[in-house]
Amino acid sequence: MKGPQNYSQKLMIWIPVLLIVLLLTVTISITIGSADIDMMTVWLVIGSNIPFLGDGMEQTWKDSTETIIWNIRMPRIILGMLVGAALAMAGAIYQGVLRNPLADPFILGVSSGSALGAALVLLFGFESMVLGQFTLPVVAFGSGLLTLFVVYTLARINYRLQMETLILAGVVVQAFIASMLSLILALSDEKMQTIMYWMMGSLSLTDWSYNRVIFPFVLLTILFVTFLTRELNMLALGEEAAYHSGVSVQKVRLILLVVASLLTGVAVSVSGTIGFVGLIIPHMIRLLFGSDYRIILPLSVLGGAIFLVGADTIARTILEPRELPIGIITAFLGAPFFGYLLRKKKSNYF
Amino acid sequence: MLTVDSVTKHFSEKKVLQDITFQVDKGTCVGIIGPNGSGKSTLLKIISGLLTPTSGEVKCNHKNILHLKQKTIAKKMAVLSQDGLPSSPISVFDTVLMGRYPHIKWYQRERAHDIEKVQDVLNLTGISHLQNQLLDTLSGGEKQRVAIAKAMVQEPQILLLDEPTTYLDIGHQLNILELVNHWQKETGLTVIMVLHDLNLAAQYSDELILLNQGVIEEIGTNEEVIQKDILERVYETVPEIVMHPKNHVPQILLTSR
């Protein structure tokens, strides 16, 4: 007998499975790099850094190994997990709210908007006294949100929001912002390398402080959005149908769009514009597990984390000692896989 | 039960509805008829709160519906639309369960009696064998029955129907209207329906409202509204009116010109 408990059974099986995959990906990712480290040492070092648990542990490894694991590779991997989770979740929300399989933080221009704000901060080296290390993320999600507002206003004709116009408006705004970013790049001389790198997406500019900024935010957002999955499911039946069943469509849509844009802004502020995660991961989850957002959202969070940690491992090791921008890897891996899945199971997504 | 009080709707310069006033009593079925572009669907959208009238108001139990919360409106009114449900990969059970939304608080999960209610209604509408199928595998008639089931579990006092039989063959048309009729008899539901088919409208409505170019042309019982001269004037056609031999309601025969 199928029924409403169906989705929680699926989650009970697949959340642990994906968590194990994530754990394996993380462990493997830490061991790979210019200095080879075995898995056992990885876990001992991580264990010893966990409060209480690690207090009584005896150090059987070199200090340099600990530095590599704990201060260089770990923060980067955690950041990859958080950014992947944030982007995948933002993509899933956009696709659900806009009922558009093409919707993604990049298509709507939100990523570019965030990138523009962040690039300006980098260019002028501006740091607010009040905000401190939060300057970059705050400016990035401020400008991302502003971009969404511009896109939304452009798309809103006669007080009605047509979904096709929204995507078109996103493309227009994105093209405009891209030209401004190029201008900044041309003006930036010595900072060009950093800004360019960052525009293509990279997790390399990391230490623990970045994680401290975005971890609580991503966690709170995941919790918050789980209370809105029922509404997301109902929007899939059409806005009028959702409205007649009691969903305050305008309000729910606005809240979700703002939340998704904040997630994008935060992700962009720490890692630049990494494409394809928000498009690919929710689609993959949808193809594998069906179109119930109570399943899609939590599994997208885990899927995005796994995908980005994996992609970053490839980005930093494939051309050692050089490092590739992760955006190249995500597009290179993401696009063909998406094409394959699309061929394999042609069906109506929405 | 429901009062429409001098509702007027303009879309920029175009006057779609002009000073519409009527009342619907509890347990009655009111049919709204009229030619294309007469404002039927707009009127229904205003009654359901989807559109805001330019002036005038719609009151449900003496309260302006625009002042009510969305969930409160949904507990009072359900809507069955012409397009019905989309072809989404969502199961029939999950779709019908969504009708319980206004009864469930934001922090709650679906409770046992919500599930029971859904099972009951699935049996009543004769679609319990479809409950695990996805919407995109259903026929138009089956989907419309799912839409009715979803409206039923919502437990409204008023049901609004916007040409719910448009895309259906005669067997399925009757099937849907019989379901609504049965539901009405069981629970004292109030029904307001827009129908293109005057014969169906005459069979299932207690009262008819004939709209023409945004104003009420006629309002009254079926015999009062379905009259040769009125229909000739409004539809610009020459109909023959006969009495249905079995249930004695006026029916229309069309003659080619």
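Residue numbering restarts at 1 for every chain, and letters A, B, ... go by the order of the sequence lines.
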Counting only heavy atoms not in A:F215, do more than 12 fall under 6.0 Å of its CZ? no
With heavy-atom distances below 4.5 Å as the criterion, would you say the side chains of A:H244 and B:L50 are in contact? yes
So, the side chain of A:Y243 versus the backbone of B:G49: is there a donor-acceptor pair under 3.5 Å, distance only? yes
Non-hydrogen atoms of chain A under 4.5 Å away: do they reach the side chain of B:S48, the backbone, both or neither? both
As an exercise, state the distance from OG of A:S245 to NZ of B:K71, rounded to the nearest 0.5 Å. 11.5 Å
Who in residues 223-233 of chain A is close to chain B, using a strict under-4.5 Å heavy-atom cut-off? A:F227, A:R230, A:E231, A:N233
Of all the heavy-atom pairs spanning A:A236 and B:S88, show the shortest one and how long it is. O-OG, 3.6 Å
Minimum heavy-atom distance B:P89-A:S291, with the two atoms named: O-OG, 2.9 Å
Show the nearest heavy-atom pair for residues B:K45 and A:E240, with the distance to one decimal. CE-OE2, 3.9 Å
Tell me whether B:H113 at atom NE2 has more than 12 heavy atoms from other residues, nucleotides or ligands lying less than 6.0 Å away. yes
Going through the checks in order, is the side chain to side chain contact (heavy atoms under 4.5 Å, CB included) test met by A:D292 and B:D94? CA-CA 9 Å; A:D292 188 338; B:D94 284 342; 4.3 Å; yes
Is B:Q213 atom CD crowded by more than 12 heavy atoms from other residues, nucleotides or ligands, each under 6.0 Å away? no
Which region of B:L85, side chain (C-beta onward) or backbone (N, CA, C, O), has a non-hydrogen atom less than 4.5 Å from a non-hydrogen atom of chain A, or is it both or neither? side chain
At a 4.5 Å cut-off on heavy atoms, which part of B:L160 comes close to chain A: side chain, backbone, both, or neither? neither
Checking side chain to side chain contact (heavy atoms under 4.5 Å, CB included) for the pair A:L237/B:K150: CA distance, chi angles, key distance, verdict? CA-CA 12 Å; A:L237 289 185; B:K150 180 169 171 256; 4.1 Å; yes
Can A:S8 and B:R109 be said to form a side chain to side chain contact (heavy atoms under 4.5 Å, CB included), step by step? CA-CA 11 Å; A:S8 41; B:R109 289 181 58 154; 3.7 Å; yes
Is the count of non-hydrogen atoms from other residues, nucleotides or ligands lying under 6.0 Å from B:F11 atom CZ greater than 12? yes
Residue part contacting chain A, namely of B:K75, when any heavy atom lies under 4.5 Å: neither
I'd like to verify something: which residue of B:T72, B:I90, B:L135, B:V79 has the highest number of heavy-atom pairs under 4.5 Å with chain A? B:V79
Let me know if A:V247 has heavy atoms under 4.5 Å from chain B in its side chain, its backbone, both or neither. both
